[in-house]
Undergrad: 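Dumping the structure here so I can ask a few things about it.
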Protein chains: 2
Amino acid sequence: MKSESVFQRDRYPTGLMLGLGMYAMMSVACAEHPPQPPFSALPQSRLVDLTHPFGSETIVWPTEQDIKVIVQHAEDMPGGYYYASNRLELPEHGGTHMDAPIHFARGTQTLDQIPIDRLVGGAVRIDVADQCANDRDYRVEIRDLERWESRHGRIPVHAIVLLDTGFGRLWPARQQYLGTELRGAEGVDALHFPGLHPDAAVWLVRERQVKAVGIDTASIDYGRSTKFETHVALLSHNVPVFENLADLSGLPNHGFDVIALPMKIAGGTGGPLRIIAIVPEPR
Amino acid sequence: MKSESVFQRDRYPTGLMLGLGMYAMMSVACAEHPPQPPFSALPQSRLVDLTHPFGSETIVWPTEQDIKVIVQHAEDMPGGYYYASNRLELPEHGGTHMDAPIHFARGTQTLDQIPIDRLVGGAVRIDVADQCANDRDYRVEIRDLERWESRHGRIPVHAIVLLDTGFGRLWPARQQYLGTELRGAEGVDALHFPGLHPDAAVWLVRERQVKAVGIDTASIDYGRSTKFETHVALLSHNVPVFENLADLSGLPNHGFDVIALPMKIAGGTGGPLRIIAIVPEPR
């Protein structure tokens, strides 16, 4: 018995004979409705998946190849069982993914080195959908963050900040989402989508010590960027970035937790991300 | 303001002027130690990563190709910034991964279709390391589960069950972990590692309605299996399987939560999994 068990021993009948007796009784009397000890510490909650599916339709950067899911098996096997499996080929930075610090900051953390503590915790949603609907080259500014705080209170230190530009709802329509269907360098030149202004990124890092920043567009820098200053501002301070998040409009403005778990690629500069929100429901 | 916000409006001063006044005061007086409203509903906890890193050393099934992480960029760019990125090639079922029901059960859920509710929640660890140290072809039996219950209480319905065979600590030594370094069909014939007996799988599904089952070996069926009956028993009932989990010995026997988030592959038969445990710490 490990001492780190969080169930206090004295809260349950733990004498072996008593335990066996209880178990035998429960097995007979309650086989269909067994008792449930309080075994989860998570709040009563609604889980919200903030992840786009990965496949050949997944939007990738104009210079990247599309994701391939290559079927190996989907058939009855000689052993008498059905068996299905695939292989995958993909860029680290396509679809809903995380940028590791090393993506834009030499010598910093790779994807597998990011402490998971940074990727789990209380989060806020900054709704800038109106601004971005009016201007698809919009950059979220410090005044947008201050306006949010004037309504909802100060962004707590060590929050995960999600920027809701409304563009997550345009996925997977490439023209609407990226502003272009062109590929290659020509496609990069034609990108038009909102992002986070570098000054606001510095503010979030310095003034609010954010854990991580996410956005529902293809890049935390807006589509017109050529120097990727917002990436540098965040990643050089070990603040990971989540990109191509799914529709965020189902989230409250605050009072929820985010769990953002990337594929643990050794030496990864980024990679596929599964990200969910845990939104407590009133009991 | 969305009505689904879980912070009750009357718990905080929300008048705009009052809010602005508070904010101004906090900015001046508490710039270095801003107040932290209770913005996370997660318990005070220790996060434990149960995931092996992915890379060329990752153990894959003997018939699979090794994982490739192909460097695209790791250099200063003409725009004046550093940039690094990779491409990935991998099987769905290598390293720490999840099996979706469709992997062995025709017409059932693909990886992206598994409800996330199944992948999040209270968990138990069944320690069978002694049995597996004595017999590397050991299969966890119903009596092992009953023995656990006689010590720790009944496995709650809808638990996530993790089988700690001790083999997670042998990773990444292929010979010790799989029982062979051979590849191809010859390698499959030489596999020796523990798994879950099909009868015990049926018991977990029928008698305890488990959400999911995980193991720290390369397969939920033991290495000698040729018919994969444990896979079929679990997956045909939409119980997902986690394989190649990392060392589980740091977990308590119960009283912790698991968050298991796979890459959301459209039509995936399985895929890379990032899995963590949330172990509440006494306050």
Undergrad: Quickly, which of A/Thr58, A/Ile67, A/Leu88 forms a side chain to side chain contact (heavy atoms under 4.5 Å, CB included) with B/Ile265? Name it, please.
TA: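 Between B/Ile265 and the candidates, side chain to side chain contact (heavy atoms under 4.5 Å, CB included) is satisfied uniquely by A/Leu88.
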Undergrad: Is the shortest heavy-atom distance from the side chain of A/Leu47 to the side chain of B/Leu119 under 4.5 Å?
TA: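 When only atoms from C-beta onward are counted, B/Leu119 and A/Leu47 do not touch, as no gap falls below 4.5 Å.
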Undergrad: Heavy-atom cut-off 4.5 Å, strictly under: side chain, backbone, both or neither for A/His93 against chain B?
TA: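 Side chain only.
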Undergrad: Could you have a look at A/Met263, A/His52, A/Lys264, A/Glu57 and say which one has the most heavy-atom pairs with chain B under 4.5 angstrom?
TA: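 Going by pairs under 4.5 Å, I would pick A/Lys264.
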Undergrad: Give, as side chain, backbone, both or neither, the part of B/Pro272 having an atom under 4.5 angstrom from any heavy atom of chain A.
TA: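 Just its side chain gets close to chain A.
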Undergrad: With a 4.5 Å cut-off on heavy-atom pairs, point out which of A/His73, A/Gln65, A/Glu229, A/Glu75 contacts chain B the most.
TA: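 Of A/His73, A/Gln65, A/Glu229, A/Glu75, A/Gln65 has the most heavy-atom pairs under 4.5 Å with chain B.
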Undergrad: With a 4.5 angstrom heavy-atom cut-off, could you sort out which part of A/Ala74 is near chain B: side chain, backbone, both or neither?
TA: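 Interface part for A/Ala74: neither.
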Undergrad: Quick check on the interface: out of B/Ser56, B/Gly121, B/Ala41, B/Gly79, who has the most heavy-atom pairs with chain A under 4.5 Å?
TA: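 If we count pairs closer than 4.5 Å to chain A, B/Ala41 comes out on top.
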Undergrad: Where on A/Ala105 is there a heavy atom nearer than 4.5 Å to chain B: the side chain, the backbone, both, or neither?
TA: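 The answer is the backbone of A/Ala105.
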Undergrad: Side-chain contact, heavy-atom cut-off 4.5 Å: A/Leu261 with B/Leu273?
TA: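 Side chain of A/Leu261 against side chain of B/Leu273, heavy atoms only: no contact under 4.5 Å found.
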Undergrad: Hey, do the aromatic rings of A/Phe104 and B/Tyr82 have their centres closer than 6.0 Å?
TA: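 Aromatic pair excluded; centres sit 6.0 Å or further apart.
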Undergrad: Working to the nearest 0.5 Å, report the span between CD1 of B/Ile278 and CG of A/Leu42.
TA: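 Atom-to-atom, B/Ile278:CD1 and A/Leu42:CG are 5.5 Å apart.
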Undergrad: Examine distances only and state if a side-chain atom of A/Ser40 and a backbone atom of B/Asp257 form a donor-acceptor pair shorter than 3.5 Å.
TA: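 Side chain of A/Ser40 to backbone of B/Asp257: no pair is present.
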Undergrad: Measure distances from B/Thr51 to the heavy atoms of chain A and classify the residue's part below 4.5 Å as side chain, backbone, both or neither.
TA: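 It is both, since atoms from each part get that close.
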Undergrad: Of the backbone (N, CA, C, O) and the side chain (C-beta and beyond), which part of A/Asn86 lies under 4.5 Å from a heavy atom of chain B, both, or neither?
TA: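 Looking at A/Asn86, backbone and side chain both touch chain B.
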Undergrad: Any sub-3.5 Å donor-acceptor pair from B/Arg274's side-chain atoms to A/Pro262's backbone N or O?
TA: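 Yes; judged by distance alone, with no hydrogens or angles, the pair exists.
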Undergrad: Which atoms of A/Tyr83 are under 4.5 Å from chain B, going by heavy atoms: the side chain, the backbone, both sets, or neither?
TA: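 The answer is both parts of A/Tyr83.
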Undergrad: Judged by modelled atom types alone, do A/Glu92 and B/Gln72 share a side-chain donor-acceptor pair under 3.5 Å?
TA: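 Absent: no donor and acceptor within the cut-off.
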Undergrad: Side chain, backbone, both or neither: which part of A/Glu64 has a non-hydrogen atom closer than 4.5 Å to chain B?
TA: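 Contact with chain B is through the side chain of A/Glu64 alone.
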Undergrad: Does any backbone or side-chain atom of B/Ala100 lie under 4.5 Å from a heavy atom of chain A? Answer side chain, backbone, both or neither.
TA: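 The answer is neither part of B/Ala100.
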Undergrad: Name the region of A/Ser85, side chain, backbone, both or neither, that has any atom closer than 4.5 Å to a heavy atom of chain B.
TA: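 Backbone plus side chain of A/Ser85, per the 4.5 Å heavy-atom cut-off to chain B.
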Undergrad: Mind ranking A/Val124, A/Asp76, A/Val71, A/Val232 by heavy-atom pairs under 4.5 Å with chain B and telling me who comes out on top?
TA: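 The answer is A/Asp76.
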Undergrad: To the nearest 0.5 Å, what is the distance between OH (B/Tyr81) and CG (A/Leu235)?
TA: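 So the gap between those two atoms works out to 13.0 Å.
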Undergrad: Taking atom CD of B/Glu89 and atom NZ of A/Lys68, what is their separation to the nearest 0.5 Å?
TA: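 NZ of A/Lys68 is found 8.5 Å from CD of B/Glu89.
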Undergrad: Taking side chain as everything from C-beta outward and backbone as N, CA, C, O, which of these in A/Asp99 sits under 4.5 Å from a heavy atom of chain B? Side chain, backbone, both or neither.
TA: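 Neither; nothing under 4.5 Å.
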Undergrad: Measure distances from A/Val48 to the heavy atoms of chain B and classify the residue's part below 4.5 Å as side chain, backbone, both or neither.
TA: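 A/Val48 touches chain B through backbone heavy atoms alone.
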Undergrad: Is A/His231 close to chain B through its backbone or its side chain, or both, or neither, when contacts mean heavy atoms under 4.5 Å?
TA: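 Contact with chain B is absent: no heavy atom of A/His231 under 4.5 Å.
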